[in-house]
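Report on the following structure.
In what follows, residues are counted from 1 in the order of the sequence shown. The structure presented is a predicted model; accordingly, all values stated were derived computationally and were not measured.
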Amino acid sequence: KLLAAEGAHVICLDRPGDEDPASAVAREVGGTLLAVDITDEDAGQQIIDCVAQLGGTLDILVHNAGITRDKTLAKMKPQWWDQAIAVNLGGVVAIDRALLDAGTFADDARLIMLSSVAGLAGNFGQTNYSAAKAGLVGYVQALAKAVADKGIVVNAVAPGFIETRLTAAIPPINRPTSPLTFTSFAIFHTTERHMSDLLVDLNTKPWFRSAVKTLGLPQIGRASCRER
């Protein structure tokens, strides 16, 4: 909604059969719904076709699809590991590759990857999820350098829990962060000139602030920002 308020035509993407909330948002902001499973082989091409039908290039891409398949590593079935990696990391890489090869991104496009505090500090029972989110951080480091000559900016945001359907069952004592916190950073990263290859940690938990202090990361308000 905030991106639309800034003048963007927003393509709301969600998997087929589960796209009702995305459809409602698309109607509200005058955007476009695209029902795609990001792990499908032709997911990238479907996005390319959608952007082409709208008659433009892609200025902003926010990768925020995610799933959890939580189990300790000893009890984790191979398919649970594969599903978490495929959605949280593999789909991101495959879609970016397709869009870059097709020239769908604008020359000054902004790419934002939704990583997680679990990818920085780990989380019990989430080895697969943590590995995927840590992989996104490394991926941003590599991709930012590869597309810098095109003026494309690539960054990652690492929040704690965000209020979504995925975290709806979390007890109030561990109440997630408002999506507005993440969206506000997304707006900044897509509308301001700034460095590429940044990792912004959005987490206000005391234990994480202590870890940030121990690691010697500079503080920016209630977040930390590591420039590589």
Side-chain angles (χ1 to χ4, degrees), residues 1-70 79-106 109-116 128-129 132-133 135-136 139-140 143 152 154 156-157 159 161-169 176 178-180 182-183 185-187 189-190:
K1 294 178 183 179
L2 291 180
L3 287 169
E6 292 287 332
H9 181 92
V10 180
I11 300 173
C12 301
L13 186 151
D14 209 340
R15 60 182 181 177
D18 195 30
E19 73 273 22
D20 287 350
S23 178
V25 172
R27 289 195 301 270
E28 182 179 347
V29 303
T32 299
L33 173 68
L34 181 59
V36 175
D37 185 332
I38 67 167
T39 63
D40 287 347
E41 290 187 4
D42 67 340
Q45 187 60 51
Q46 291 188 60
I47 297 172
I48 292 167
D49 293 342
C50 180
V51 173
Q53 289 173 8
L54 292 172
T57 53
L58 197 60
D59 298 299
I60 302 165
L61 178 59
V62 180
H63 282 293
N64 65 338
I67 62 169
T68 55
R69 295 292 183 266
D70 297 349
Q79 61 266 34
W80 295 342
W81 177 277
D82 293 342
Q83 288 170 2
I85 298 297
V87 173
N88 296 315
L89 179 60
V92 172
V93 176
I95 287 172
D96 286 349
R97 181 187 299 121
L99 298 182
L100 286 166
D101 288 347
T104 300
F105 287 118
R110 298 292 191 264
L111 280 66
I112 301 175
M113 316 293 171
L114 186 59
S115 184
S116 170
N128 51 357
Y129 182 81
K133 293 300 185 178
L136 278 179
Y139 172 64
V140 165
L143 182 61
I152 297 175
V154 187
V157 180
F161 293 117
I162 296 289
E163 290 174 352
T164 65
R165 287 180 294 165
L166 188 67
T167 61
S178 167
L180 287 175
F182 165 67
T183 309
F185 273 87
I187 292 292
H189 283 298
T190 57

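Residues satisfying the side chain to side chain donor-acceptor pair (under 3.5 Å) criterion with Arg27, sequence neighbours excluded, are Ser23. With sequence neighbours excluded, no residue forms a salt bridge (charged side-chain N to carboxylate O under 4.0 Å, His left out) with Arg69. By the side-chain contact (heavy atoms from CB on, under 4.5 Å) test, Ala35 pairs with Pro16, Glu19, sequence neighbours left out.
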Apply side-chain contact (heavy atoms from CB on, under 4.5 Å) to Leu54 and Ile11, showing your working.
-> CA-CA 10 Å; Leu54 292 172; Ile11 300 173; 3.7 Å; yes
Assess whether side-chain contact (heavy atoms from CB on, under 4.5 Å) is satisfied between Leu143 and Leu100, documenting all intermediate values.
-> CA-CA 11 Å; Leu143 182 61; Leu100 286 166; 4.0 Å; yes
Take Ile60 and Glu6 through the side-chain contact (heavy atoms from CB on, under 4.5 Å) test and state the conclusion after the steps.
-> CA-CA 12 Å; Ile60 302 165; Glu6 292 287 332; over 6 Å; no
Evaluate side-chain contact (heavy atoms from CB on, under 4.5 Å) for Ile47 paired with Leu61, printing each intermediate quantity in order.
-> CA-CA 11 Å; Ile47 297 172; Leu61 178 59; 5.9 Å; no
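Between the side chain of Asp40 and the backbone N or O of Asp42 there is no donor-acceptor pair closer than 3.5 Å.
Within a 6.0 Å sphere centred on CD of Gln79, heavy atoms belonging to other residues, nucleotides or ligands number more than 12.
In this structure, OG1 in Thr104 is found 11.0 Å from CG in Asp96, a value given to the nearest 0.5 Å. Note: Gln46 CD to Asp49 CG = 7.5 Å, rounded to the nearest 0.5 Å. The CD atom of Gln45 sits 10.5 Å away from atom CG of Asp101, with the distance rounded to the nearest 0.5 Å. To the nearest 0.5 Å, atoms NZ (Lys133) and CD1 (Ile85) are separated by 10.5 Å. Atom CG of residue Leu58 and atom CG of residue Leu111 lie 7.5 Å apart, to the nearest 0.5 angstrom.
Under the 4.5 Å side-chain criterion, counting only non-hydrogen atoms from C-beta, Ile38 is in contact with Val87. Gln53 places none of its side-chain heavy atoms less than 4.5 Å from the side chain of Thr32.
A side chain to side chain contact (heavy atoms under 4.5 Å, CB included) with Asn88 is found for one member of Ile67, Leu114, Leu136, Asn128 and no other, namely Ile67.
Residues Ile48 and Ala98 approach most closely at CD1-O, 3.5 Å, considering heavy atoms. Closest approach of Ala4 to Val29, counting heavy atoms only: CB-CB, 3.7 Å. Across all non-hydrogen atoms, the minimal contact from Ala22 to Asp14 is CB-CB, 3.9 Å. Between Cys12 and Val25, the closest heavy-atom pair is SG-CG1, 4.0 Å. Here the closest non-hydrogen pair linking Tyr129 and Ser116 is CE2-OG, 3.8 Å. Minimum interatomic distance between Val36 and Ala43 (heavy atoms only, all atoms of both residues): CG1-CB, 3.6 Å.
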